[in-house]
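One structure is given here, and the rest of the page talks about it.
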Amino acid sequence: MTNAIVWFRQDLRINDNPALFEACARHASVMPIYIFDRKNSVQGRAQAWWLHHSLNALEKSLHAKLKLKLILQQGDPLAILSELINKFSINAVYWNRCYEPLVIGRDKKIKASLQEIGMDVQSFNGSLLNEPWAIRNKKGDFFKVFTPYWKVCRTDLFSSPKQEIIARPATIEAISDKIDDWKLLPTVNWASQFSKVWTPGEKGAAQRLTQFINQHLNGYKIERDFPEKDATSRLSPHLHFGEISPEAILRAIESVKKDPSCDLIGIEHFLSELGWREFSYYLLYHVPSLPHKNFQEDFDAFPWHNDKVLLRSWQKGMTGYPIVDAGMRELWATGYMHNRVRMIVASFLTKDLFIDWRLGADWFLDTLVDADLANNSASWQWVAGCGADAAPYFRIFNPVLQSKKFDPNGVYIRRWVPELNSLINDVIHAPWEASNSAAIYAKINYPRPIVEHSKTRIQALDYYSQLKN
Ligand SMILES: Cc1cc2nc3c(=O)[nH]c(=O)nc-3n(C[C@H](O)[C@H](O)[C@H](O)COP(=O)(O)OP(=O)(O)OC[C@H]3O[C@@H](n4cnc5c(N)ncnc54)[C@H](O)[C@@H]3O)c2cc1C
């Protein structure tokens with residue numbers, strides 16, 4: 001009779017979960033546990049909401065499908081695991097790997113300590129298509145540019161068969177917290193809309209994937225850029241919490257490819273987005289300072305203004321630039337923002353308001369349900385121009401042109417900035433440019449632009465050219 005603990009972290013699912021699969025296959029009794037560790041479990045307040053619901057879903061499905069009881073505890077993982085090991089004569093501890101620098105350090109220490117007391121400790125890859133240390137360029141160094149990195153990964157990209165749990169180990173009962181004790185839900189009524197938009201948990205993730213494949217995979221490459229269309233998968237929070245594995249997504253995509261009428265271009269593009277996720281994890285693994293330090297050191301001298309009033313206007317969606325405000329309000333209301341608009345608002349913060357990308361990244365980490373240290377840090381550095389493989393510094397988005405191009409009929413703007421509902425399409429992207437702008441602003445309760453893009457653009461170019469000298 002051997003007993004194992006499965007320590008759930010960013011793998012809140014039953015299917016395709018190598019740690020759970022192995023523990024069930026090898027042991028007579030299994031204790032699934034989630035340890036809430038304030039420093040490492042969530043990035044911010046929006047994710048706390050998600051975690052609450054995702055753990056509820058996991059608890060129910062572990063019970064319904066495997067008759068296992070999920071134990072919830074809060075505190076220092078090593079202390080908690082050690083106590084349970086003693087109390088329940090545990091022989092083995094299993095988990096799926098996480099890749100944030102602090103968590104890697106923590107897990108290494110825990111593994112070593114548990115092995116010292118004779119535990120069989122096994123960790124698995126449950127959230128990436130490739131381990132970050134496995135991909136190297138010809139010189140043996142890590143890739144700093146996405147395209148050659150993805151070329152190498154893409155060549156060997158085949159999914160492995162689904163792992164079905166057949167064994168039925170007994171559950172090990174221990175004292176468990178109640179999820180409500182952790183008070184993860186916001187006390188103000190901020191997240192009231194989240195549950196209209198999201199269904200945290202493995203079932204919700206599977207539904208999203210099916211819906212995306214049926215409705216949006218064909219044509220993804222073009223449609224994905226238009227925020228009004230909702231034509232992307234919205235799998236990002238599910239992927240972050242490991243409610244679905246990239247393997248499962250890949251398997252589903254491979255099965256779509258059997259249909260000769262499928263859109264191969266859309267499929268390749270979608271896979272490459274998963275590739276960007278992999279690349280971000282890869283960069284974070286090789287450059288653990290990515291969330292805090294400019295990848296390109298030239299940028300350390302950038303003279304950020306960091307004006308608090310402007311930062312607040314950006315956070316509240318009151319910059320006077322309709323597309324920027326629509327994005328920031330979508331974020332606040334739903335915990336999500338469309339990728340195209342994320343690029344626009346990030347460019348606006350760094351290149352029009354001259355606010356340090358790290359302040360923008362912090363706000364995203366607090367308010368996104370898909371807040372992810374790897375994807376967020378790599379993406380912010382990319383937009384700001386200081387990252388690996390970054391957008392060139394002279395690529396400064398014009399928020400009005402972007403708005404006209406990607407939200408031509410102002411549908412997305414009207415959805416999130418209702419003050420502008422009555423404006424015609426020609427005016428909605430930049431009301432201040434209208435010949436009757438004074439009359440327009442007299443009627444709407446909406447600010448004029450807080451900065452003038454034509455001027456800030458010149459200033460940004462000037463700052464950047466000084467950095468390069
Ligand atoms: C400034 C900025 C900050 C961002 N912060 C985050 C973040 O905290 N968490 C996060 O998951 N994504 C982040 N992204 C990347 C991207 O915007 C989201 O992953 C995407 O919008 C999620 O929507 P989706 O699931 O419908 O994407 P889809 O278009 O359906 O893509 C499928 C999956 O690929 C991955 N992906 C897509 N685009 C990217 C990308 N550019 N970089 C890395 N992975 C990508 C995501 O896991 C996504 O779920 C950020 C982008 C920008 C510009």
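Numbers here simply count residues along the sequence, with the first being 1. In listed order, ligands and their atoms are each counted from 1. Being a predicted model, the structure only gives us computed values, none of them experimental.
- Looking only at protein heavy atoms, the nearest one to atom 12 (N) of ligand 1 is Asn375 CB, 3.5 Å.
- The protein heavy atom nearest to atom 30 (O) of ligand 1 is Ser233 OG, 2.6 Å.
- Contacts between Phe212 and ligand 1, counted as non-hydrogen atom pairs separated by less than 4.0 Å, are absent for every part of the residue.
- Looking at Phe279 against ligand 1, nothing comes within 4.0 Å, counting heavy atoms.
- Of all protein heavy atoms, the one closest to atom 35 (C) of ligand 1 is Glu273 O, 3.5 Å.
- Those atoms of ligand 1 that come under 4.0 Å of a heavy atom in Ser236, given as number and element, are 11 (O), 22 (C), 23 (O), 25 (O), 49 (O).
- Below 3.5 Å of separation, one finds an N or O of Tyr220 facing an N or O of ligand 1.
- Residue-environment remark: CZ (Arg457) stays at or below the threshold of 12 foreign heavy atoms within 6.0 Å.
- Those atoms of ligand 1 with a heavy atom of Met343 less than 4.0 angstrom away are 53 (C).
- Heavy atoms of other residues, nucleotides or ligands lying less than 6.0 angstrom from CG of Leu461 number more than 12.
- Ligand-side atoms of ligand 1 in range of Ala371: 8 (O), range being under 4.0 angstrom from any heavy atom.
- Ring-centre distance between Phe270 and Phe212: below the 6.0 Å cut-off.
- Within ligand 1, counting atoms from 1 as listed, the ones closer than 4.0 Å to a heavy atom of Leu235 are 25 (O), 49 (O).
- Remark: Asp11 pairs with no residue by the salt bridge (Lys or Arg N to Asp or Glu O under 4.0 Å) rule, at least two apart or across chains.
- In terms of protein heavy atoms, atom 52 (C) of ligand 1 is closest to Ser379 CB, 3.3 Å.
- Salt bridge absent: Asp370 and Arg277 never bring a charged side-chain N and a carboxylate O closer than 4.0 Å.
- Below 3.5 Å of separation, one finds no N or O of Val383 facing any N or O of ligand 1.
- Not a single N or O atom of Arg224, backbone or side chain, sits closer than 3.5 Å to an N or O atom of ligand 1.
- When only interatomic distances are considered, the shortest N/O to N/O separation between Arg234 and ligand 1 falls below 3.5 Å.
- No option in Trp357, Trp363, Phe364, Phe299 other than Phe364 meets the ring pair (Phe, Tyr, Trp, His ring centres under 6.0 Å) test with Trp380.
- Counting atoms of ligand 1 from 1 in the listed order, those under 4.0 Å from a heavy atom of Trp276 are 40 (C), 42 (N), 43 (C), 44 (N).
- Arg358 contributes a side-chain N or O that, together with a main-chain N or O of His292, makes up a donor-acceptor pair within less than 3.5 Å.
- Note that the CH2 atom of Trp50 and the OG1 atom of Thr199 stand 7.5 Å from one another [nearest 0.5 Å].
- By the 6.0 Å contact criterion, NZ on Lys293 is open, its count of non-hydrogen atoms from other residues, nucleotides or ligands being 12 or less.
- Between the side chains of Tyr412 and Glu330, at least one donor N or O lies within less than 3.5 Å of an accepting N or O.
- In summary, the atoms of ligand 1 found under 4.0 Å from a heavy atom of Leu239, numbered by their order in the structure, are 47 (O), 49 (O).
- Closest to atom 21 (O) of ligand 1 among all protein heavy atoms lies Asn339 CB, 3.4 Å.
- Here the heavy atom of the protein found nearest to atom 32 (C) of ligand 1 is Phe270 CE1, 3.4 Å.
- Annotation: Ser280 places no N or O atom under 3.5 Å from an N or O atom of ligand 1; distance criterion only.
- When Asp370, Leu368, Asn376 are checked for heavy-atom proximity to atom 4 (C) of ligand 1, Asn376 turns out nearest.
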